[in-house]
Amino acid sequence: MNKPFFPFVEPTPNEIIELAQMLTPLDNDYSIHPIIDRFGSPSQPIYVDQSEVEINGIQYDKPLILPIVNGQLKLVQCAILQDGLLVSVFPDGLASGFAYYGKLDKDKPVIITYNLEAFFKIAQTGYAVVLVILHHLCNTNKTELKAFNFEQVQFVIQQLSIAGYQQLYMPVRPEYIQLESFQNLEKNTPLKLLNQYIEYEGATSLTELCKSDDIEEVQAFFDFSIELTQKNKSQWGELIPLVKAETIANSPYPIHALPSLAREAVMAIAEHVQAPIGMTAQCVIGAISHIAQAHVNAPHPFNAQGEPCGLYLLTEGQSGSRKSTSRNMADRAIIQHERKQYEQYRRDLEQWKSGQASLNKKDRETYCAENPPPNDPSTLYSDITLESIAGLYVDGILNNASIASDEAGQFFGGYTMKGDTRTQAIGGYAKLFDDGFVERTRSKSNLNGSGRAYDVRLTFNLQGQHEVLTDALKDPVLRGQGFLPRFILTIPENLAGTRLQDAIYQNKNANHDHRLVAYWTRCEYLLDNCPRPHTDQELHNGRYVIPMNEQAREIDLAFYNMFEKLQDKGNRYEYLQAFASRASQIARRLATIFAYFEGLQMIDEKTLKGACEIIQHSLNDWAKYADIEVKVESDAERLIKWITRKCIAQKTDRLTYSYVQTSCPRPMQKNKNLLEMIIHQLEDSHYIKVELVGKTRHVVINPLLLKI
C-alpha cells in the first residue's frame with residue numbers, strides 16, 4: 001500500500017484489502033514480518049500495509065491486515081495488527097464478525113480461537129479456523145479474558161450457528177476448562193470445548209498450540225478430540241437443556257447495536273470499572289437520552305410533531321456490581337455541565353440577594369416583582385417524588401430532567417409507589433413518557449396551586465439489586481397499567497469473583513482513555529453548543545423531529561409486525577403483550593437519541609436495526625418474569641451438578657444409585673418418588689444412564705460433563 005488507508009475520504013474495507021500488498025509464504029518479506037516472526041506462520045497469504053498509519057492516536061508501521069467477515073462470509077471490516085499494540089478495527093472500532101483461514105463448510109468441523117498464535121498454527125492443519133478479534137491479540141503479555149471478551153466470543157459463535165455451522169469447536173487449556181465462563185459457552189451454544197490436555201491409552205499430553213508445536217501432533221490432537229466428542233454424542237445423544245433455552249443464561253448484550261462512539265465508551269467504562277457490558281451500556285444510553293430529549297423528538301406515525309424521545313431504563317445489579325461508578329462515569333460531562341451552571345446560579349442568587357439587602361419592605365417587594373429570583377438549574381435527580389417534579393415543571397423551572405439512581409428500591413418502595421397515590425403516580429409517569437405532559441391538582445387554598453405543563457421531558461435510569469426489585473417487577477399493577485412496559489430492562493451477568501486487577505489494569509487511567517475522552521467531548525459539545533437543525537427541519541417548542549429514511553421505515557414496519565404476531569396465543573410474548581406492543585415505539589425513540597448523538601439528519605437502516613436489537617434483548621429479559629415468578633435452579637440442575645462434582649472429586653464416571661439416594665441434595669434425598677422422576681428426566685436429556693452391574697445399580701454420567 002503506497003499511502004495511508006485513512007486519507008481525507010475513508011476507504012472501504014474492500015479498498016483497504018485491494019491497496020494492501022499480498023504476501024505468500026514464498027515471499028522474502030513474509031517470514032520477517034514482525035507478526036509472523038512472533039506468532040508463527042499460517043502458511044496462508046497475508047495482507048500487509050506497507051505504509052505508516054495512525055489510528056486513534058496509535059502509530060502502526062507496516063501493519064498486517066486481517067479481513068473481517070460476517071456469518072455470510074461477506075467482508076465487513078479490517079483488523080489492523082502490529083506486534084505489541086492494540087488491534088484496531090476499521091470501521092467502527094469493534095469487530096462485527098471474525099477472521100478465518102481454510103474453507104468453511106457447514107457439514108465439517110470449524111475451530112474457533114481467540115489466540116493469534118493458535119490461529120496461525122491451526123491454519124496449517126487443514127481444519128477451517130476462525131479467529132475472534134479481540135483488542136489484545138498482539139499484546140506483549142498474555143491477557144486473561146474479561147467478561148466483555150466472552151461476549152465477543154459468544155457473538156461470533158452465534159453468527160456461525162445462525163449461518164448453519166453446527167460443528168463448532170474451541171481448544172481450551174486444562175486450567176480453564178472448568179471455568180464457568182467457558183462452560184457457559186458450551187452450555188448456551190452449539191460449541192464443544194476441546195481440552196488441550198488429553199489422555200489416550202494411558203499416555204497424557206498437553207497441546208500448547210504455539211508456533212513451535214509439531215504440526216503432526218496438533219493435527220492428531222484435533223482428529224482425536226473431535227472424533228471422541230462425536231463418538232460421545234452418537235453414544236449418548238445431544239444434551240437437552242434442562243430449562244427453556246431463553247432462560248438458561250443471559251444472552252450477550254448487543255453491544256454492536258450502539259453507535260461507534262457510544263459503543264467504545266461502553267467498553268471503556270466496563271474495562272475500567274470492571275462492570276458488566278449491559279450495565280455500562282444502560283448508563284451511556286441514559287446519558288444520551290438526557291441530552292437528546294431537550295432538543296429532538298422521535299418520529300411518530302400519526303403526529304408530525306413527533307413524540308418525546310426520553311427513555312425509561314432499568315438495570316438489575318447486585319450489591320458491589322459498580323452501579324454508581326458506571327453511571328457517574330457515563331454522566332461525567334452532564335455532571336460537570338450542571339456544576340458550572342449551578343455555580344453561576346449561586347453567583348446570580350447572591351447578587352439577587354445583595355440587590356435587595358438595603359431596601360425597605362415596599363421597595364423590596366417592587367424589586368422582587370421586577371427581578372424574580374434565579375432558578376436552580378439542576379436537572380439530574382436521584383430521589384424526587386412525582387409531586388415535586390411536577391411542581392417544577394408546572395412552575396416553569398424545569399423542562400427536561402432525569403431521575404437517575406442506583407437505589408431503585410427506594411423509588412419502588414417509597415411512599416409514592418406504595419401508598420394510595422400509586423395509581424396516580426403511575427398515570428403521571430406514563431403521561432410524561434407518552435406526551436411530555438404533567439398536571440398538578442391542588443386545593444384552592446394552596447399557595448402553589450393547580451396547573452399543567454406541556455412539552456416537558458423525563459428520562460429514568462434506575463439500577464437496583466435483584467432482591468429489592470423482584471416484588472416491583474412482579475407487581476401486576478406496575479406491569480398491567482403500562483408503567484414497567486415502558487422500561488428498557490437489562491439483567492447483566494454478575495462479575496463478582498472475576499474482577500481481578502493485574503499490573504496492566506493498575507496502570508490504566510480512565511481520564512486518559514481516548515475512547516472516554518472522545519465520548520465526553522461529544523457530550524460536552526451537545527450540552528454547550530446545542531447544534532441547530534437544517535432549515536428544512538421545523539422546530540416544535542425548541543425541538544425538531546429526526547425522521548426515518550425509507551429503509552428505516554421498512555425495518556420499523558417489519559419489527560412492529562413481528563412483535564404483533566409474537567403476542568398471539570401460544571407465541572413467545574402471549575403473556576407480555578403490554579411489553580411487546582411498545583417494542584417498535586421504544587425502538588424509534590432509542591434510534592432517535594442514537595441519531596442525535598451521531599449528528600445524523602435522518603434515522604437510517606443501521607441505526608434503527610441496532611435499536612431494535614437492544615429492545616429485543618430487553619424483551620428477552622422481561623420474559624424471565626412472564627410467569628410472575630423468579631427463576632430458581634431446578635432440582636434436575638441441582639442434581640446433575642452434584643453428580644458431576646462427586647464424579648470429578650472421586651475421579652470416576654459413576655456413582656452407586658444407593659449413594660445418590662442417601663447423599664443427594666434435598667428435597668430429593670427425602671423423597672424417593674421425586675428422585676426417580678428427576679433421574680428419568682436426566683436420562684431422557686442424555687446427562688446420565690442407569691446401569692445394572694451384577695445386583696448393583698449405578699448412575700453413569702455423560703463423559704462430556706466430566707472433562708477429566
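Atoms NE2 and CG, from His136 and Leu85 in turn, are 14.5 Å apart once rounded to the nearest 0.5 Å. Taking CZ of Phe39 as the reference point, atom CG of Asn115 lies at 8.0 Å (rounded to 0.5 Å). Between atom CG of residue Asn139 and atom CG of residue Leu116 there is a gap of 11.0 Å, rounded to the nearest 0.5 Å. Separating the CD1 atom in Ile17 from the OH atom in Tyr47 is a distance of 6.0 Å, to the nearest 0.5 Å. Here the CG atom belonging to Asn149 is positioned 9.0 Å from the CD1 atom belonging to Ile277, to the nearest 0.5 angstrom. The distance from atom SG of Cys612 to atom NE2 of His617, rounded to the nearest 0.5 Å, is 15.0 Å.
Counting heavy atoms from C-beta outward, Tyr100 and Val110 have side chains that stay 4.5 Å or more apart. You'll find the side chain of Glu598 stays beyond 4.5 Å of the side chain of Leu261, heavy atoms only. No side-chain heavy atom of Ser405 sits less than 4.5 Å from a side-chain heavy atom of Gln463. Side-chain contact between Ile269 and Cys283 is absent, with no heavy-atom pair separated by less than 4.5 Å. When side chains are defined from C-beta on, Cys78 counts as touching Pro13, because their heavy atoms get closer than 4.5 Å. In this structure the side chain of Gln72 never reaches within 4.5 angstrom of the side chain of Gln159, judged on heavy atoms. The side-chain heavy atoms of Thr592 and Phe597, taken from C-beta on, include no pair separated by under 4.5 Å. Annotation: side chain of Tyr519 is in contact with side chain of Val284 (closest heavy-atom distance under 4.5 Å).
Residue Asp556 comes nearest to Ser584 through the heavy atom pair OD1-CB, 3.8 Å, listed as atom of the first residue, atom of the second, then distance. Closest non-hydrogen pair, Val273 versus Ser326, comes out as CG1-OG, 3.7 Å. Closest heavy-atom contact between Pro547 and Val545: CD-O, 3.3 Å. Listed here is the closest heavy atom pair of Leu311 and Ile285: CD1-CG2, 3.7 Å. A pairwise comparison of heavy atoms in Ala333 and Trp520 identifies CB-O, 3.8 Å as the closest pair. Considering every non-hydrogen atom in both Gly610 and Ala257, the closest pair reads O-CB, 3.0 Å.
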Open item on the list: Run the side-chain contact (heavy atoms from CB on, under 4.5 Å) test on Val130 and Met170 for me, step by step, so that the C-alpha distance in whole Å, both residues' side-chain angles and the decisive distance to 0.1 Å come before the verdict.
Closed with: CA-CA 10 Å; Val130 162; Met170 175 178 285; over 6 Å; no
Open item on the list: Please evaluate residues Phe98 and Phe155 with respect to the criterion side-chain contact (heavy atoms from CB on, under 4.5 Å), reporting the C-alpha separation (whole Å), side-chain torsions for both, the decisive distance (0.1 Å), and the verdict.
Closed with: CA-CA 10 Å; Phe98 49 85; Phe155 171 74; over 6 Å; no
Task: Residue pair Thr607, Asp604: steps toward the side-chain hydrogen bond (donor to acceptor under 3.5 Å, both in side chains) verdict - done: CA-CA 5 Å; Thr607 303; Asp604 58 19; 2.6 Å; yes
Open item on the list: Evaluate Arg332 against Leu516 for side-chain contact (heavy atoms from CB on, under 4.5 Å), listing each step before the verdict.
Closed with: CA-CA 10 Å; Arg332 177 178 293 190; Leu516 289 173; over 6 Å; no
Open item on the list: For Tyr101 and Leu66: C-alpha separation, side-chain torsions, deciding distance, then whether side-chain contact (heavy atoms from CB on, under 4.5 Å) applies.
Closed with: CA-CA 10 Å; Tyr101 282 127; Leu66 278 179; 4.0 Å; yes
Open item on the list: Walk me through whether Lys609 and Glu613 qualify under salt bridge (Lys or Arg N to Asp or Glu O under 4.0 Å).
Closed with: CA-CA 6 Å; Lys609 188 180 293 184; Glu613 283 190 53; over 6 Å; no
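A donor-acceptor pair under 3.5 Å links the side-chain atoms of Gln77 to the main chain of Leu94, judged by distance alone. When atom types are taken as modelled, the side chain of Gln82 and the backbone of Asp61 share a donor-acceptor pair closer than 3.5 angstrom. At least one donor-acceptor pair under 3.5 Å links the side chain of His135 to the backbone N or O of Val87. Between the side chain of Gln282 and the backbone N or O of Leu489 there is no donor-acceptor pair closer than 3.5 Å. Under a 3.5 Å cut-off, the side chain of Asn70 and the backbone N or O of Lys74 do form a donor-acceptor pair. Judged purely by atom type and a 3.5 angstrom limit, Arg327 has no side-chain atom pairing as donor or acceptor with the backbone of Gly286. Proximity of a side-chain donor or acceptor of Asn549 to a complementary backbone N or O of Met602 within less than 3.5 Å is not detected. Under a 3.5 Å cut-off, the side chain of Glu524 and the backbone N or O of Gln336 do not form any donor-acceptor pair. At distances below 3.5 Å, not a single donor-acceptor pair connects side-chain atoms of Lys211 with backbone N or O atoms of Ile36. Formation of a donor-acceptor pair under 3.5 Å by the Arg553 side chain with backbone atoms of Met548 is found in this model.
Here Lys121 does not pair with Glu117 in a salt bridge; the nearest charged N to carboxylate O distance is not below 4.0 Å. Using a 4.0 Å cut-off between charged nitrogen and carboxylate oxygen, Asp513 and Arg515 count as a salt-bridge pair.
Ring-plane geometry between Tyr345 and Tyr342 is classed as tilted, the angle between the planes lying from 30 to 60 degrees on a 0 to 90 degree scale. Ring-plane geometry between Tyr114 and Phe182 is classed as tilted, the angle between the planes lying from 30 to 60 degrees on a 0 to 90 degree scale.
Just one residue in the list Asn461, Thr379, Asn400 forms a side chain to side chain donor-acceptor pair (under 3.5 Å) with His290, and that residue is Thr379.
In this structure, a donor-acceptor pair under 3.5 Å is absent between the side chains of Thr325 and Asn328. Checking Thr490 against Tyr253 by side-chain atom types alone, no donor-acceptor pair falls below 3.5 Å.
In this view, Gln585 and Glu307, Phe433, Asp434, Arg582, Arg588, Arg589 satisfy the side-chain contact (heavy atoms from CB on, under 4.5 Å) rule, not counting sequence neighbours. By the ring pair (Phe, Tyr, Trp, His ring centres under 6.0 Å) test, Phe594 is found to be paired with no residue, residues two or more places apart in sequence or in another chain being considered.
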